Amino acid sequence: GAKDLIEPLFASPKFSAAMLIFTGIVLLTTLKDRSNEVGILAFGLAPALLIGVVQGFAILPGISRSGTTIACALLLGLNRDSAARFSFLLAVPAIFGALLLELGELSALSAEAMLPVGAGFLSALVSGFFALVLLVRLIQRGRFYLFSFYLLPVGLFGVLWLP
């Protein structure tokens, strides 16, 4: 199935690097100032569905789920705050679905393996919180594109020098 097609891509650092370049280019599209932005309540069903479809591409390694959904929402005319909120709300079913898929493997862990997993979860939770605070501030200030200045050179380096 689809898993058999996508899983090998995670073993390709060069593919992941190329997708970092793609994500960087997508984020550069947020540079343009849009004065006709609307709030979430004025946003239609078709654009919301399109953003959901775009989220599906984030299953590929190197593509940022939040980056692509926020950029897509901004391109479709959603204001910055609403784009960020919509992207984060859209993450809930994706994260819950991933959790359900991995729950079986988590329950198979031994008791001593649970401590490192718990520590990893906690550190991811704390660092994720601070990353989200930074992300929201950059979006609100219209500086979301700044992430592309990291993604483009790192992706280019990976494409040129990784196997």
Side-chain angles (χ1 to χ4, degrees), residues 1-99 101 124-163:
K3 185 177 179 183
D4 295 332
L5 293 172
I6 294 169
E7 207 166 76
L9 298 175
F10 283 87
S12 172
K14 194 174 286 274
F15 180 82
S16 297
M19 293 301 99
L20 289 177
I21 293 171
F22 174 80
T23 299
I25 292 168
V26 167
L27 295 186
L28 281 176
T29 66
T30 67
L31 257 166
K32 184 180 178 194
D33 186 30
R34 293 169 176 79
S35 57
N36 61 341
E37 298 169 330
V38 298
I40 195 76
L41 295 178
F43 209 52
L45 180 62
L49 289 173
L50 180 60
I51 295 168
V53 169
V54 166
Q55 176 176 253
F57 288 105
I59 195 167
L60 299 172
I63 294 186
S64 166
R65 189 209 62 79
S66 59
T68 53
T69 57
I70 292 169
C72 182
L74 291 171
L75 286 170
L76 293 172
L78 202 56
N79 66 42
R80 293 181 194 134
D81 285 338
S82 295
R85 290 175 199 262
F86 188 69
S87 175
F88 296 137
L89 286 174
L90 205 56
V92 172
I95 292 169
F96 186 68
L99 176 66
L101 288 174
L125 183 70
V126 171
S127 63
F129 173 77
F130 287 111
L132 285 176
V133 168
L134 172 66
L135 178 65
V136 168
R137 284 185 184 156
L138 285 173
I139 293 167
Q140 289 172 336
R141 293 181 180 140
R143 297 179 168 265
F144 190 45
Y145 65 90
L146 290 176
F147 284 109
S148 66
F149 297 137
Y150 157 76
L151 293 169
L152 293 171
V154 169
L156 185 60
F157 174 83
V159 166
L160 294 176
W161 286 287
L162 290 173

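Not measured: the values here are computed from a predicted model. Heavy-atom basis, side chains included; hydrogens, waters and symmetry copies ignored.
- Nearest heavy-atom pair, Ala83 versus Leu74, reported as atom, atom and distance to 0.1 Å: CB-CD2, 3.9 Å.
- With hydrogens and angles disregarded, no donor-acceptor distance shorter than 3.5 Å links the side chain of Ser12 to the backbone of Leu9.
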As a quick check of understanding, evaluate side-chain contact (heavy atoms from CB on, under 4.5 Å) for Val53 and Leu49, giving each step before the final call.
CA-CA 6 Å; Val53 169; Leu49 289 173; 5.6 Å; no

Run the side-chain contact (heavy atoms from CB on, under 4.5 Å) test on Phe88 and Leu132 for me, step by step, so that the C-alpha distance in whole Å, both residues' side-chain angles and the decisive distance to 0.1 Å come before the verdict.
CA-CA 10 Å; Phe88 296 137; Leu132 285 176; 3.3 Å; yes

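- Here the side chains of Ile25 and Leu152 are in contact, with some heavy-atom distance below 4.5 Å.
- In terms of modelled atom types and a separation under 3.5 Å, the side chain of Arg65 and the main chain of Ser87 share a donor-acceptor contact.
- For the atom pair CG (Leu20) and CG (Leu156), the distance works out to 11.0 Å, reported to the nearest 0.5 Å.
- Nearest approach of Leu135 to Ser66, heavy atoms of both residues: CD2-OG, 4.2 Å.
- Checked by atom type and distance alone, the side chain of Lys14 never pairs as donor or acceptor with a backbone atom of Pro163 at under 3.5 Å.
- A donor-acceptor pair under 3.5 Å is formed between the side chain of Ser148 and the backbone N or O of Tyr145.
- Taking CZ of Arg143 as the start and CG of Leu134 as the end, the distance is 12.0 Å to the nearest 0.5 Å.
- How far CD1 of Ile70 is from CG of Leu75: 12.0 Å, rounded to the nearest 0.5 Å.
- Note that the CZ atom of Phe157 and the CG atom of Leu162 stand 6.5 Å from one another [nearest 0.5 Å].
- Atom CD1 of Ile59 has 12 or fewer neighbouring heavy atoms from other residues, nucleotides or ligands inside a 6.0 Å radius.
- Applying the side chain to side chain contact (heavy atoms under 4.5 Å, CB included) rule to Ile51 yields the partners Phe43, Thr69, Cys72, Ala73, Leu76, Phe86, Leu90; only residues at least two apart in sequence or on another chain are considered.
- The residue from Phe144, Phe149, Tyr150 that alone fulfils the side-chain contact (heavy atoms from CB on, under 4.5 Å) condition with Phe147 is Phe144.
- The heavy-atom pair separating Ile139 from Ala84 by the smallest distance is CD1-CB, 3.9 Å.
- Nearest heavy-atom pair, Pro47 versus Gly44, reported as atom, atom and distance to 0.1 Å: CD-O, 3.3 Å.
- Residues forming a side chain to side chain contact (heavy atoms under 4.5 Å, CB included) with Ser16 (at least two apart in sequence, or on another chain): Pro61.
- The side-chain heavy atoms of Phe57 and Thr68, taken from C-beta on, include no pair separated by under 4.5 Å.
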